[in-house]
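FYI, side chains are in, hydrogens and waters are out, and symmetry mates aren't considered; it's all heavy atoms of this structure. Every chain is numbered from 1 and lettered A, B, ... according to where its sequence line falls, protein lines coming before strand lines.
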Number of protein chains: 2
Amino acid sequence: MAIFSKTCEYAIRAVFFIAHKTATGSRVGIKDIAQGIDSPEHFLAKILQDLSRKGLISSIKGPHGGFYIDTPALSRPLSEIVEAVDGNSLFVGCALGLKQCSEINPCPLHNEFKAIRNRIHAMLATTTIGSFNEELMEGLLSLKK
Amino acid sequence: MAIFSKTCEYAIRAVFFIAHKTATGSRVGIKDIAQGIDSPEHFLAKILQDLSRKGLISSIKGPHGGFYIDTPALSRPLSEIVEAVDGNSLFVGCALGLKQCSEINPCPLHNEFKAIRNRIHAMLATTTIGSFNEELMEGLLSLKK
DNA sequence: TTAATAAAAGATATTTTTGTCTTTTATTTT
DNA sequence: AAAATAAAAGACAAAAATATCTTTTATTAA
Ligand code: FES
Ligand code: FES
C-alpha cells in the first residue's frame with residue numbers, strides 16, 4: 001500500500017504543478033497539467049473540480065481560462081490538500097484499524113506509530129503549496145515518471 | 001487513507017492474536033481468531049491460508065487443529081507479514097506515486113518522506129511477532145474495537 | 001471405518017477506487 | 001450574435017479491494 005490514494009497523489013502533484021506554472025499570474029489548462037504530471041486527464045479533471053469547489057485552487061472557464069493558484073493560497077499547507085482528498089484518517093487513525101486510536105485502548109503499535117503519524121502530519125503541515133516552486137522551475141524536482 | 005490495507009491490518013492483528021494465544025503450544029481456531037480481533041471470518045480465513053502457505057504461521061486440520069505460531073517464528077519481524085501481504089511498496093515506493101523513487105529524479109517530498117519511510121520500516125523490522133505477548137496477556141493492549 | 005471437526009479451496013457478490021467518455025455551462029474572441 | 005475555447009458536470013466502465021457462502025480435503029476420535 002502506498003501512503004496516499006492515487007487520487008491524493010495526483011492532487012498533490014497537480015497542485016505543485018499548477019503552483020509553479022501560475023506563480024506569475026497565468027493559467028494552465030487541464031491537458032497541460034495532466035501531461036505535466038503524467039495522469040489520466042478526465043480523472044484529474046474530477047479531482048481539480050473538487051479542489052476548486054473547496055476553494056483550494058481557482059479556475060476560470062473559456063479561452064485563456066484554466067487553473068491557477070493565487071499568491072495567498074501558495075502559503076497554505078499541503079495538509080489541507082490531503083485532508084480535502086483523503087480525509088484526516090492518516091493523521092488520527094489507528095495503524096491496525098481499530099475503530100478509535102486512543103491511549104486508554106491502544107493497539108500494539110500505538111506508541112511507535114503515533115510518533116510516525118505526527119511526523120507525517122508535520123511534514124504536510126510545514127510544507128506549503130508554493131514551497132517547491134524554485135526547485136521545480138530549475139528542474140531539480142520531478143512530478144512525473 | 002490508512003497506512004496498511006484492511007487485509008494487512010487483519011493479518012497483523014491476527015498474527016499477534018495467534019502468537020499470544022498459542023505461545024504455550026496450543027492452537028486456536030479461525031472462529032476464535034475472527035471474533036478475537038473483530039474481523040470477517042471467511043475473509044480472515046483467506047488471509048491466514050496465505051500466510052500459512054508462505055510459512056509465516058502454521059496450521060493443522062481436524063479436531064483440536066487450528067492455527068499456531070511456533071517458538072522460532074515468534075522472533076520473526078512484523079515486516080515479513082507486511083511484505084507478504086502488502087508487498088514492499090511502503091518501504092521503497094514514492095510518496096507521490098512516481099514510478100520509481102530515486103535520488104536522481106526525486107519528487108518534492110522525497111527527502112522528508114524517505115526518513116519517514118525508514119522509520120516505518122524500522123518499527124516493523126524491530127517489532128517481532130511475539131514481542132507483545134506479555135502485554136496482550138495482561139490486557140494492556142487491544143486487538144479489537 | 002464412520003462421524004465429527006476444522007482448515008483449504010473454490011465460487012460468487014459487493015463496494016470502493018480508478019479511469020473514460022459525453023454533454024453542458026461559462027467565457028472570450030471574432 | 002456566432003463560433004471557439006475550456007472547465008463543470010453527468011453517465012458509465014473497468015479493476016481492485018473487501019466480504020460471503022459453499023464444497024472439498026485432511027485429521028482425529030469414537
Ligand atoms: S491505537 Fe493503534 S495507533 Fe493508536
Ligand atoms: S521520489 Fe518521491 S519519495 Fe522518493
Phosphate OP1/OP2 of dA6(C) contacted by Ser59(B) side-chain N/O (<4.0 Å):
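Answer is no, no contact under 4.0 Å.
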With respect to the phosphate group of dT5(D), does any side-chain polar atom (N or O) of His64(A) fall under 4.0 Å of OP1 or OP2?
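False: His64(A) side-chain N/O out of range (4.0 Å or more) of dT5(D) OP1/OP2.
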Of all of residues 7-32 of chain A, which get a heavy atom below 4.0 angstrom from DNA chain C, listed by number?
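Heavy-atom contacts with DNA chain C come from Thr7(A), Tyr10(A).
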Please list, chain by chain and in numerical order, all residues satisfying side-chain hydrogen bond (donor to acceptor under 3.5 Å, both in side chains) with Ser142(B), sequence neighbours excluded.
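Scan of Ser142(B) (side-chain hydrogen bond (donor to acceptor under 3.5 Å, both in side chains), adjacent residues dropped) gives Asn105(A).
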Please identify each residue that fulfils side-chain hydrogen bond (donor to acceptor under 3.5 Å, both in side chains) with His121(B), with sequence neighbours left out.
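With neighbours one apart ignored, the set is empty.
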Atom-to-atom span, [atom1] of [X] to [atom2] of [N] - whole angstrom:
{"X": "Lys54(B)", "N": "dA7(C)", "atom1": "NZ", "atom2": "P", "result": "20 Å"}
{"X": "Asp50(A)", "N": "dA8(D)", "atom1": "CG", "atom2": "P", "result": "11 Å"}
{"X": "Lys6(A)", "N": "dT16(C)", "atom1": "NZ", "atom2": "C1'", "result": "16 Å"}
{"X": "Phe67(B)", "N": "dT5(C)", "atom1": "CZ", "atom2": "C1'", "result": "14 Å"}
{"X": "Ile33(A)", "N": "dA6(D)", "atom1": "CD1", "atom2": "P", "result": "12 Å"}
{"X": "Gln49(B)", "N": "dA19(D)", "atom1": "CD", "atom2": "P", "result": "16 Å"}
{"X": "Asp86(A)", "N": "dT16(C)", "atom1": "CG", "atom2": "C1'", "result": "13 Å"}
{"X": "Ile57(B)", "N": "dA8(C)", "atom1": "CD1", "atom2": "C1'", "result": "12 Å"}

More 5' along DNA chain D: Ala45(A) or Phe4(B), using each one's nearest nucleotide?
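Its nucleotide being nearer the 5' end, the pick is Ala45(A).
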Calculate, to the nearest 0.5 Å, the distance between atoms CG and CD belonging to Leu140(B) and Glu134(B) respectively.
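If we round to the nearest 0.5 Å, Leu140(B):CG and Glu134(B):CD are 10.5 Å apart.
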By salt bridge (Lys or Arg N to Asp or Glu O under 4.0 Å), which residues pair with Lys54(A), not counting sequence neighbours?
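Only Asp50(A) meet the salt bridge (Lys or Arg N to Asp or Glu O under 4.0 Å) criterion with Lys54(A).
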For a quick test of your reading: what N or O donor-acceptor pairs under 3.5 Å do the side chains of residues 34-41 of chain B make, sequence neighbours left out?
from	atom 1	to	atom 2	distance (Å)
Asp38(B)	OD2	Lys99(A)	NZ	3.4

For Lys46(B), which residues count as a side chain to side chain contact (heavy atoms under 4.5 Å, CB included) partner, sequence neighbours excluded?
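Only Gln49(B) meet the side chain to side chain contact (heavy atoms under 4.5 Å, CB included) criterion with Lys46(B).
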Protein-to-nucleotide contact annotation, 5' to 3' order, nucleotides 20-27 of chain D [B base; S sugar-phosphate only; - none; under 4.0 Å, heavy atom]:
BBB--BBB
Does one side chain, of His20(A) or Glu135(A), offer a donor that lies under 3.5 Å from an acceptor on the other?
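There is no such pair between these side chains.
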Who pairs with Phe113(B) by ring-ring contact (aromatic ring centres under 6.0 Å, His included), at least two apart in sequence or on another chain?
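Here no residue qualifies.
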Which residues pass the ring-ring contact (aromatic ring centres under 6.0 Å, His included) test with Phe67(A), sequence neighbours left out?
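Applying ring-ring contact (aromatic ring centres under 6.0 Å, His included) to Phe67(A) gives none.
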